[in-house]
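Computed over heavy atoms, backbone and side chain alike; hydrogens, waters and symmetry mates excluded. Here the structure is a predicted model, which means the values were calculated and not measured. Chain naming here is simple, since letters A, B, ... match the order of the sequence lines and numbering starts at 1 in each.
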Number of protein chains: 2
Amino acid sequence: MNDTAPPPRRWVAMQDVAAAAGVSAITVSRVLRTPAKVRVETRQRVEAAIQALGYVPDRVAGSLSSRESRLVAVLISTLAGSIFATTVDGLAQTLRAADHQLLLGTTEYSSASEEALVATALGRRPDGIVLTSGEHTAAARAMLASAGIPVVEVWELPEDPVDMAVGFSNLEAGQAMTRHLHAGGRRRIGFVGSGRLPVGAGDGDRRGRLRLQGYGAALADLDLGPPRVVREPFEGSMVERGARGLATLLERWPDTDAVFCSSDSVALGAVSEARRRGIEVPGRLAIAGFGDFEFAGASGLGLTTVRVPGHAIGAEAGRLLLARKRGEPVDTRIVDLGFEIVRRATA
Amino acid sequence: MNDTAPPPRRWVAMQDVAAAAGVSAITVSRVLRTPAKVRVETRQRVEAAIQALGYVPDRVAGSLSSRESRLVAVLISTLAGSIFATTVDGLAQTLRAADHQLLLGTTEYSSASEEALVATALGRRPDGIVLTSGEHTAAARAMLASAGIPVVEVWELPEDPVDMAVGFSNLEAGQAMTRHLHAGGRRRIGFVGSGRLPVGAGDGDRRGRLRLQGYGAALADLDLGPPRVVREPFEGSMVERGARGLATLLERWPDTDAVFCSSDSVALGAVSEARRRGIEVPGRLAIAGFGDFEFAGASGLGLTTVRVPGHAIGAEAGRLLLARKRGEPVDTRIVDLGFEIVRRATA
DNA sequence: TTGAAAGCGGTACCAG
DNA sequence: CTGGTACCGCTTTCAA
């Protein structure tokens, strides 16, 4: 803006390295990308110049020119709550091994639609995209499909994936846990989830709803009467919602003898509330969670829950993405990594 | 590769929109960036063309041309363990409001040095960079300094930050909790951390070491004798390490009456192990954690711990970054967001 | 094995 | 208010 402004950013460009090494820019490029095509002696001179100048290739320019960004976009609702953290970690690991980077987009349940998020991500011209949502607006689907890049939907198994999917059946998971509770002798089984989203939010917890649906289906199958569902509004922590949720559940259906919670955090709150009220767990009330969070296995809690392969989902998504990018045929477009009922003390 | 290869990616380019709207490319650019400078009628025509063609501006090209990427790199060790997840969330939120995106880099304790990670990140020409490490190699520091972009180190308060820092004093936190235990009448205080890193790993848990140092300093100040430290190797989950760590601690120093753990997960493991052994908590043994994880406050556990402003750290880092990018003067280069001792049942 | 030239898809700058 | 033109830093293609 004026003459005392800080010096403009100045990066060492490939041209500078070339000049220093007494070669042309393209030769520097070759040293970096196809070293075998450059005479050893020349290469060493260039490498020395790179070192001396501290040259870091500009991937923005490189991406534009080569039409390959080596960038993969991940779109999730939030990192907090630790549901997706392991998946992102797994993805990052797999991608780093192939020298690809991660572009992270979070919605935070903001009113910004997934559509806007997808557009923003595609603007970076990623080589692939990973979504934790299996439900999209028509416009979003269209953008994704026409982008011409591999798309992986994770954490669910959509019937009609945009492209590929890696996850497990949330519906079956809900069913399985409900059956497990039934097998343990329970007949009046409730469900506590963390309820509706704020106005304007996106699909929110579609996976949670699928599990709830599984619970409902199992109740019907087993002829256990109408569902007993409490959905706590978005206030306070998940643990607090679990505590409040159990209170509400018992108020409405005092004879409930088991609760399936939408996550381990919610379940922890429910267990706490039960203890507070002197309700014996699992004696009088069985409690089950979902996710097998770090704390679930701790003795003193021993939460019965559903273990899901979060890290593996990310790793597999990365593998699929890279395979497709290389043009390798991907036969299984939908990868079911399953889940596992972990039976502990509370149910 | 061959004639049956999939059609090459073809994006709608600005030129296409321009042609459809009967204007020049630069006018399309103006409609997108400075709409006020375009006549309403023209603008509407262009906007219609954008809609019709589903045009998504290429930010790669835009970044190269404008020398502004609107990308911020975050370099962390891992997302799992939920230590940094909230910080990344906070950062993402702040940045999204300013239409900036996040480039995520994780080390996963791999042998890839932070140096390599920094170079990779800088190659994307980010407008700023956030690091969860306050210790860097000379080369890394040099790269960061010469990049000419704002740099924020988070989760610690380095004496000599590369540029800016947002966090709290881990050393003081360690000291404060030790003093708290002392104030509660404890005199034989131990420390359980999750120990040494695998060979080739980076700085690992420098912050943990700082807390350990604070513990040591407090012991000396209070004249509580030599430190009793157990560092569990990297095997199994944090919770398991906590359980094993407590066992080791009690084996070496059976009369220990308090333990400060490097994280709430470790503390949870310690509490579990204590219960398993019939050791009364906090009667015979006080246990304190660090982090105030989601499960810490659950009744039935009531873990005494240190609460740290993870989300706020990310948000503030984002704010500083954006302010500096805008050229606004940033007076406080080091922002101490503090910590808080949360006194609950276990100590 | 090396280089020259022509873009990649936008934006800055200067005219009109 | 709109357009022409150069150019961002690298890679592709074609020649030598």
Side-chain angles (χ1 to χ4, degrees), chain A residues 1 5 8-47 49-50 53 55-71 122-127 147-148, chain B residues 1 8-47 49-50 53-71 122-127 147-148:
Chain A
M1 278 324 187
R9 283 188 214 170
R10 227 283 109 161
W11 297 84
V12 175
M14 191 174 268
Q15 178 54 50
D16 303 326
V17 176
V23 296
S24 71
I26 184 63
T27 298
V28 177
S29 178
R30 288 203 184 98
V31 169
L32 261 14
R33 327 184 84 231
T34 52
K37 292 186 167 182
V38 180
R39 201 203 319 162
V40 184
E41 185 190 297
T42 312
R43 178 170 44 190
Q44 288 170 340
R45 221 163 357 113
V46 171
E47 278 163 351
I50 289 175
L53 299 181
Y55 171 61
V56 178
D58 187 329
R59 280 181 158 303
V60 176
S63 297
L64 178 59
S65 182
S66 68
R67 304 163 137 276
E68 189 206 4
S69 64
R70 287 174 174 273
L71 220 47
L122 291 180
R124 301 284 178 183
R125 298 300 184 259
D127 290 346
Chain B
M1 277 322 185
R9 283 187 213 168
R10 225 288 98 167
W11 296 84
V12 176
M14 190 174 267
Q15 179 55 51
D16 303 326
V17 176
V23 296
S24 70
I26 185 65
T27 298
V28 177
S29 178
R30 288 202 184 97
V31 168
L32 260 16
R33 328 185 80 231
T34 51
K37 292 185 168 183
V38 179
R39 202 204 318 163
V40 186
E41 185 190 296
T42 312
R43 179 169 44 191
Q44 287 171 341
R45 215 156 11 104
V46 171
E47 279 163 351
I50 289 176
L53 299 180
Y55 171 61
V56 177
D58 186 328
R59 278 181 161 302
V60 175
S63 298
L64 178 59
S65 180
S66 67
R67 306 163 138 275
E68 189 206 7
S69 64
R70 286 176 174 272
L71 219 48
L122 291 180
R124 301 285 177 182
R125 299 300 185 260
D127 289 346

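Rounded to whole Å, atom C1' of D/dC14 lies 13 Å from atom NZ of A/K37. When the C1' atom of D/dT11 is taken as reference, atom CG of B/L64 falls 12 Å away, rounded to whole Å. Rounding to whole angstrom units, CD of residue B/E41 and C1' of D/dT2 are separated by 13 Å. For the pair B/E68 CD and C/dG9 P, the computed distance is 21 Å after rounding to whole Å. Look at CE on B/M14: it is 12 Å from P on C/dG9, rounded to the nearest Å. When the P atom of D/dC1 is taken as reference, atom CZ of B/R45 falls 14 Å away, rounded to whole Å. Spacing between atom CD of B/Q15 and atom P of C/dG10 amounts to 10 Å, rounded to whole angstrom units. If you take CD1 of B/I26 and P of D/dC7, they are 16 Å apart, rounded to a whole angstrom.
Considering only side-chain N and O atoms, B/S24 lies nowhere under 4.0 angstrom from the phosphate OP1 or OP2 of D/dT2. The side chain of B/R30 contributes no N or O atom lying less than 4.0 Å from OP1 or OP2 of D/dC1. Here A/Y55 reaches the OP1 or OP2 of D/dC10: one of its side-chain N or O atoms lies under 4.0 Å away. Dashed line: the shortest gap from a side-chain N or O of A/R125 to OP1 or OP2 of C/dG9 is not under 4.0 Å. Phosphate contact (OP1/OP2 of D/dT2, side-chain N/O of B/T27, threshold under 4.0 Å): absent. Residue A/R59 has no polar side-chain atom (N or O) positioned under 4.0 Å from OP1 or OP2 of D/dC10. Dashed line: the shortest gap from a side-chain N or O of A/R33 to OP1 or OP2 of D/dC10 is not under 4.0 Å. Between B/S29 and the phosphate of C/dT11, there is a side-chain N or O to OP1/OP2 separation shorter than 4.0 Å.
With A/R30 contributing its side chain and A/K37 its backbone, the two residues share no donor-acceptor pair below 3.5 Å. Without hydrogens or angle criteria, B/S66 side chain to B/G62 main chain gives a donor-acceptor distance under 3.5 Å. Side-chain atoms of A/R67 do not come within 3.5 Å of backbone N or O of A/L64 as any donor-acceptor pair.
Of the two residues near DNA chain D, B/S66 and B/R43, the one whose nearest nucleotide lies more 5' is B/R43. Mapping B/R39 and A/S63 onto DNA chain D by nearest heavy atom places B/R39 closer to the 5' end of the strand.
When each of B/V31, B/V23, B/V28 is checked for a side-chain contact (heavy atoms from CB on, under 4.5 Å) with B/T42, only B/V23 meets the rule.
Two residues are said to be in side-chain contact when any heavy atoms from C-beta on lie closer than 4.5 Å; A/S69 and A/R124 fail this criterion. Counting heavy atoms from C-beta outward, A/E68 and A/D127 have side chains that approach closer than 4.5 Å. With contacts defined as side-chain heavy-atom distances shorter than 4.5 Å, the pair B/R45/B/R39 does not qualify. Contact check for B/S24 versus B/T27: side-chain heavy atoms found under the 4.5 Å cut-off.
Scanning atom types as modelled, no donor and acceptor separated by under 3.5 angstrom connect the side chain of A/R67 and the base of C/dG9. With hydrogens and angles ignored, a donor-acceptor pair under 3.5 angstrom links the side chain of B/S65 to the base of C/dG10.
Within the nucleic acid shown, B/V60 has no heavy atom closer than 4.0 Å to any nucleic acid atom. In this structure, A/T42 reaches the sugar-phosphate backbone alone: every heavy-atom distance under 4.0 Å involves primed, P, OP1 or OP2 atoms, never a base.
From one end of the helix from C/dT1-D/dA16 to C/dG16-D/dC1 to the other, with five pairs defining each end axis, the axis direction shifts by 30° (rounded to 10°).
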